[in-house]
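Start at 1 with the first residue, then count along the sequence.
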Amino acid sequence: MLKKNLRANSLSFFSTLLLVISFTFSASAAVVIPPAPSVDAKGFVLTDFETGHAIAEQNADMQLAPASLTKMMTAYVVGKELNEGNIALTDKVTISENAWAKKFPESSKMFIEVGTQVTVDELLHGMIIQSGNDACVALAEHVAGSESAFASMMNAHGTNIGMTGSNWVNSHGLHDPDHFTTPRDMAILSKALIEETPDVYALFKQKEYTFNGIKQYNRNSLLWDQSLNVDGIKTGHTSDAGYSLVTSAEQGGMRLVSVVMGTDSERSRKVENKKLLRYGFRFYETVTPYKAGESFVSHRIYMGDRETVDLGINQATPITIPRGQADNLKANFELNKKLEAPLAKGQVVGTLYLQLDGEDVAQYPLVTLQEVKEGSFFDRIIDYVMLQIGWGE
């Protein structure tokens, strides 16, 4: 790798770079960012939805009982089945004895009755808003034939989206020693739920739902908090799990996901989530220094039909940084080797680095933005000689 020389070379392009990408690299006064607040919970994580960056965390990979946070995974699997057309919101589900409300006497339910027919849409409302355990079983049986088969689907989908610390054995979250997840996995699931099943996710912000003549209210009390734009996600509680809450909120174009698991009270899970969200919005921001297809630098290329080739990235570069630090971002690059034709458009030739306070905060493949064909015989001879005598260094 031409690490030392090419990183140094990249600095010589900065004056041109500033004009091209309209992004300022300059020294500025130090920005004071306080440490994350202490959180009274078994485990928590606060993440930027767009970048996945963990702003604050503690015991984020600890395996904990999810209780009704499980319903987020159930909702995700049902949402994926809806997306694939395998089921429909209008499907009528015949309620089995396993899904009968009487099977859940001491837990939350939507009060469905055995032998009746209830639509998938109604069951989703009952599961998400009313936190109905009975609705979970009915949906699981409709999708997979049995709850155990549905649990297998939950685990497979979890693996597909990168959840590595979870195991699901039921659709509702009532305690089982083999049923667990982690705060980090719940943040991963939250992102997938919001991105991939937006219609299902929209139900998580509804504050009430009436079924069978019984009105019940969403247990996520932050939906009523006027100081935060919370639009989900889910509460959970059992005596073994304690009180948990996953929330998501938007402010100024930034979305955060806060996962707090294992607090000691309903009030505590609300307070701890709120302090994390307020901290994240106050002291961090998401910025996009470069856009896909923009030229980062024009670099010398040898043996080609042109002297230089534009290098850039083929993806946007959103990153999460302390608020007010954008002007302190630095950017440079490394090439894998000297650039010699022919090169295809979009060919990876190195790495673009974004740095803050001397530390790499993001890196992306550096690609060619144009195709470069071999030059004429005469041009290739000149470049060959230059490379041999070291003029191309």
Side-chain angles (χ1 to χ4, degrees), residues 33-73 75-76 108 128-129 131 166 173 181-194 201-208 217-238 241-252 254-286 320 323:
I33 303 294
S38 60
V39 174
D40 186 14
K42 293 178 182 177
F44 75 89
V45 65
L46 174 68
T47 63
D48 182 317
F49 168 80
E50 185 173 10
T51 66
H53 176 76
I55 295 171
E57 63 179 89
Q58 180 176 301
N59 297 330
D61 298 306
M62 178 182 286
Q63 292 177 333
L64 300 168
S68 281
L69 300 186
T70 301
K71 288 159 184 152
M72 292 169 57
M73 177 55 86
Y76 175 72
S108 55
I128 292 170
I129 304 165
S131 200
S166 301
T181 188
T182 69
R184 196 181 313 279
D185 274 5
M186 293 311 297
I188 292 171
L189 174 59
S190 300
K191 182 175 174 65
L193 185 63
I194 295 168
Y201 179 70
L203 298 179
F204 285 89
K205 68 181 178 183
Q206 292 193 23
K207 297 177 180 178
E208 63 182 53
Y217 292 91
N218 197 314
R219 292 163 173 78
N220 182 2
S221 57
L222 284 180
L223 293 174
W224 282 265
D225 192 307
Q226 297 300 310
S227 67
L228 291 169
N229 186 28
V230 172
D231 59 12
I233 304 182
K234 190 72 187 73
T235 61
H237 170 252
T238 65
Y243 293 82
S244 300
L245 175 61
V246 179
T247 56
S248 184
E250 284 188 300
Q251 180 177 301
M254 183 184 193
R255 178 182 285 277
L256 296 178
V257 173
S258 174
V259 181
V260 174
M261 297 183 66
T263 70
D264 60 8
S265 70
E266 186 175 340
R267 180 181 182 278
S268 179
R269 70 184 177 191
K270 172 186 175 180
V271 169
E272 303 305 326
N273 266 273
K274 185 173 180 177
K275 73 167 68 167
L276 282 172
L277 291 172
R278 294 183 67 178
Y279 173 78
F281 286 129
R282 170 64 181 84
F283 293 109
Y284 286 83
E285 63 182 327
T286 305
T320 306
R323 190 169 294 278

Donor-acceptor pairs under 3.5 angstrom involving side-chain atoms of residues 278-285: please list them, not counting sequence neighbours.
unit_1: Y279; atom_1: OH; unit_2: P34; atom_2: O; d: 2.7
unit_1: Y279; atom_1: OH; unit_2: A36; atom_2: N; d: 3.4
unit_1: E285; atom_1: OE2; unit_2: G324; atom_2: N; d: 3.0

Which atom names give the shortest non-hydrogen contact between [X] and [Y], and what distance separates them?
X	Y	result
A75	I128	CB-CD1, 4.2 Å
R269	G236	NH1-O, 3.1 Å
P183	V45	O-CG1, 3.5 Å
K207	I129	C-CG2, 4.3 Å

Subject >> Qualifying salt bridge (charged side-chain N to carboxylate O under 4.0 Å, His left out) pairs with a residue from residues 38-49, counting only residues at least two apart or across chains >> reply: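 Checked against salt bridge (charged side-chain N to carboxylate O under 4.0 Å, His left out) - neighbours excluded - no pair reaches residues 38-49.
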Subject >> Within 6.0 angstrom of E250 CD, more than 12 heavy atoms from elsewhere >> reply: yes
Original post:
More than 12 heavy atoms of other residues, nucleotides or ligands under 6.0 Å from NZ of K205: is that the case?
Top reply: no
**OP:** Without swapping roles, check the side chain of N218 against the backbone of F204 for a donor-acceptor pair under 3.5 Å.
**Re:** yes
Subject >> Side-chain donor/acceptor of T182 to backbone N/O of L64, under 3.5 Å >> reply: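 Checking the backbone N and O of L64 against the side chain of T182, no donor-acceptor pair under 3.5 Å is found.
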Original post:
Side chains of T247 and K274: is there a donor and an acceptor less than 3.5 Å apart?
Top reply: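 No pair is found: no donor N or O on one side chain lies under 3.5 Å from an acceptor on the other.
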Subject >> For K270, all residues meeting side-chain hydrogen bond (donor to acceptor under 3.5 Å, both in side chains), sequence neighbours excluded >> reply: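 Applying side-chain hydrogen bond (donor to acceptor under 3.5 Å, both in side chains) to K270 gives none.
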Original post:
side-chain hydrogen bond (donor to acceptor under 3.5 Å, both in side chains) with T181: which residues, sequence neighbours excluded?
Top reply: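 Expected list: S166.
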Original post:
Can you name the residues that form a salt bridge (Lys or Arg N to Asp or Glu O under 4.0 Å) with D61, not counting sequence neighbours?
Top reply: R184
**OP:** Tell me, please, which residues at least two apart from Y243 pass ring pair (Phe, Tyr, Trp, His ring centres under 6.0 Å).
**Re:** H237
